[in-house]
Participant: 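Got a structure for you, written out below as structure tokens; questions coming shortly.
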Amino acid sequence: MWSVDEAIRLQEELSKQVIVADQFSDPVKYIAGTDVEYDKDTDLIAGSIVVLDYLTMETMEVATHCMEAAFPYIPGLFSFREMPPLLKAFEKLKIIPDIFICDAQGLAHQRRFGLACHFGVTINLPVIGCGKTRLYGEYEGLGIERGSIAPLMAQDNGQHIGNAVRTQKGINPVFVSVGHKISLETATGIVLRMSTRYRLPETTRIADHYGRLAMEAYKN
DNA sequence: GCGACAG
DNA sequence: ATCTTGTCGC
């Protein structure tokens, strides 16, 4: 595997490849969600990818993969832990989605290379980062209404690296940032559109559900 | 040295 | 991530 130093060098190198402009087919047909489940008493992790019809939000395909975690959880090196099962699940997909939404950060990362960037650059497809909690960057003045947005600013150079987004009135925001081949504005709009009734986008919720099932099935 | 720290 | 039911508040 990678040493911590090697992993950081790789991030610094690959981060140069991130594309922050919209590069996907105009009428978006399929949107995917990714998530990774953990087992509480083993090292097993399950990667899960679900493909939804962008307009109807109907589930079109599910792909999962269970394996042993090969890298520890280190804030900032998260992708080295969760990428392996996600790539395995990706290889099983028959439908190639137009856009992915990862349950983690993209550019809103200390080296501007969170899991959403690493995954996106690796598969060379559009990816949005949508984390449940903040990793890097500061924000203030986020409104209470659904649809409120506050810029996430990097503390090291003041760069606008993401958005804190209120997907439901009075509920904690999610943190949206560019993964690859999409703009922050487009990414933010898509996350809001996919978060119709809950805090998290449907893509993430459904991926989480199937990941849980896959873990159970694998253990039995 | 102390606090922060995606899942 | 995970341990975990009812409960406080709008």
Side-chain angles (χ1 to χ4, degrees), chain A residues 4 7-8 10-11 14-15 18 33-49 64-89 100-122 127-140 144-146 152-156 161-180 184 187-188 191 197 199-201 203-216 218-219:
Chain A
V4 168
I8 291 175
L10 187 54
Q11 289 183 327
L14 292 178
S15 65
V18 173
T34 82
D35 190 33
V36 175
E37 302 293 324
Y38 289 73
D39 180 48
K40 71 177 180 68
D41 36 40
T42 70
D43 272 3
L44 290 177
I45 56 179
S48 170
I49 302 180
T64 60
H65 187 85
C66 289
M67 63 190 293
E68 293 216 341
F71 200 88
Y73 170 65
I74 301 172
L77 299 179
F78 189 47
S79 62
F80 293 87
R81 182 170 176 76
E82 294 205 346
M83 278 272 284
L86 284 181
L87 288 177
K88 285 291 189 182
F100 291 75
I101 301 179
C102 280
D103 182 32
Q105 316 295 332
L107 289 180
H109 176 279
Q110 44 270 64
R111 284 174 294 279
R112 312 297 187 269
F113 201 68
L115 169 64
C117 297
H118 200 161
F119 187 60
V121 164
T122 301
V127 178
I128 294 168
C130 179
K132 293 186 286 292
T133 59
R134 189 194 65 87
L135 168 67
Y136 197 78
E138 301 171 326
Y139 71 100
E140 54 187 17
I144 203 69
E145 296 296 326
R146 165 178 156 82
L152 249 191
M153 310 302 289
Q155 45 267 61
D156 56 4
I161 56 176
N163 281 154
V165 180
R166 194 87 71 179
T167 55
Q168 299 298 333
K169 181 178 182 178
I171 299 297
N172 288 154
V174 295
F175 299 85
V176 177
S177 58
V178 170
H180 191 46
L184 178 58
T188 300
V191 166
R197 353 182 4 188
R199 178 166 85 113
L200 301 179
T203 39
T204 302
R205 292 171 42 79
I206 297 173
D208 175 89
H209 175 252
Y210 283 104
R212 193 153 297 176
L213 293 183
M215 179 65 84
E216 284 308 312
Y218 187 82
K219 291 174 68 180

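Proteins get letters first, then strands, A, B, ... in listed order; numbering begins at 1 in each. Computed from a prediction, not measured in an experiment: that's the story for all the values here.
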Participant: Tell me, yes or no, whether the heavy-atom count around A:Lys219 atom NZ, taken from other residues, nucleotides or ligands under 6.0 Å, exceeds 12.
Facilitator: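 Yes, NZ of A:Lys219 has more than 12 neighbouring heavy atoms, counting only those of other groups under 6.0 Å.
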Participant: Given 3.5 Å as the limit, does a donor-acceptor pair link the side chain of A:Gln168 with the main chain of A:Arg146, or not?
Facilitator: no
Participant: When the distance from CD of A:Glu216 to P of C:dT2 is rounded to whole Å, what number comes out?
Facilitator: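 It is 11 Å, rounded to the nearest whole Å.
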Participant: What is the distance from NZ of A:Lys40 to C1' of C:dA1, rounded to the nearest Å?
Facilitator: 13 Å
Participant: Quick one: pull up CG in A:Asp35 and CZ in A:Arg205 and give me the separation to the nearest 0.5 Å.
Facilitator: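 Separation between the atoms: 11.5 Å.
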Participant: When Watson-Crick pairs (N1 to N3 and N6-O4 or O6-N4) and G-U wobble pairs (N1-O2 and O6-N3) count only below 3.5 Å on both distances, what is the dot-bracket string of DNA chain C, with | for other-strand pairs?
Facilitator: ..........
Participant: Roughly how many Å is it from CG in A:Asp35 to C1' in B:dG7, rounded to a whole number?
Facilitator: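 In whole Å, B:dG7 C1' lies 8 Å from A:Asp35 CG.
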Participant: Give me, pair by pair, the N or O atoms of the protein and of nucleotides 3-6 of chain B that are less than 3.5 Å apart, along with how far apart they are.
Facilitator:
residue : atom : partner  : partner atom : Å
B:dC5   : OP1  : A:Arg134 : NH2          : 2.7
B:dA6   : OP2  : A:Tyr73  : OH           : 2.1
B:dA6   : N7   : A:Gly76  : N            : 3.2
B:dA6   : N6   : A:Gly76  : O            : 3.2
B:dA6   : N6   : A:Phe78  : N            : 3.1
B:dA6   : N6   : A:His109 : NE2          : 3.4
B:dA6   : N1   : A:Leu115 : N            : 3.0
B:dA6   : N3   : A:Gln105 : N            : 3.2

Participant: Find the distance between OH (A:Tyr73) and CD (A:Glu82) and round it off to the nearest 0.5 Å.
Facilitator: 9.5 Å
Participant: Rounded to the Å, how far apart are A:Asp39 CG and C:dA1 P?
Facilitator: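 For the pair A:Asp39 CG and C:dA1 P, the rounded distance is 14 Å.
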Participant: Apply side-chain contact (heavy atoms from CB on, under 4.5 Å) to residues A:Ile49 and A:Tyr210 and explain how you reach the verdict.
Facilitator: CA-CA 8 Å; A:Ile49 302 180; A:Tyr210 283 104; over 6 Å; no
Participant: Report the residue from A:Asp156, A:Val178, A:Val18 that forms a side chain to side chain contact (heavy atoms under 4.5 Å, CB included) with A:Arg112.
Facilitator: A:Asp156
Participant: Nearest whole Å is fine: how far is C:dC10 C1' from A:Ile144 CD1?
Facilitator: 12 Å
Participant: Round to a whole Å and report the spacing from CG of A:Asp43 to P of C:dT2.
Facilitator: 14 Å
Participant: According to the interplanar angle, ranging from 0 to 90°, do the rings of A:Phe71 and A:Phe80 count as parallel (below 30°), tilted (30 to 60°) or perpendicular (above 60°)?
Facilitator: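 Judged by the thresholds at 30° and 60°, the geometry between A:Phe71 and A:Phe80 is tilted.
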Participant: Rounded to the nearest 0.5 Å, what separation is found between the OG1 atom of A:Thr34 and the CG atom of A:Leu115?
Facilitator: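 It is 6.0 Å, given to the nearest 0.5 Å.
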Participant: Nearest whole angstrom, please: distance from the P of C:dT2 to the CG of A:Leu44.
Facilitator: 13 Å
Participant: Once you round to the nearest 0.5 Å, how far does CZ of A:Arg166 lie from CD of A:Glu145?
Facilitator: 9.5 Å
Participant: Nearest whole Å is fine: how far is C:dC10 C1' from A:Ile171 CD1?
Facilitator: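 Going from A:Ile171 (CD1) to C:dC10 (C1'), I get 11 Å.
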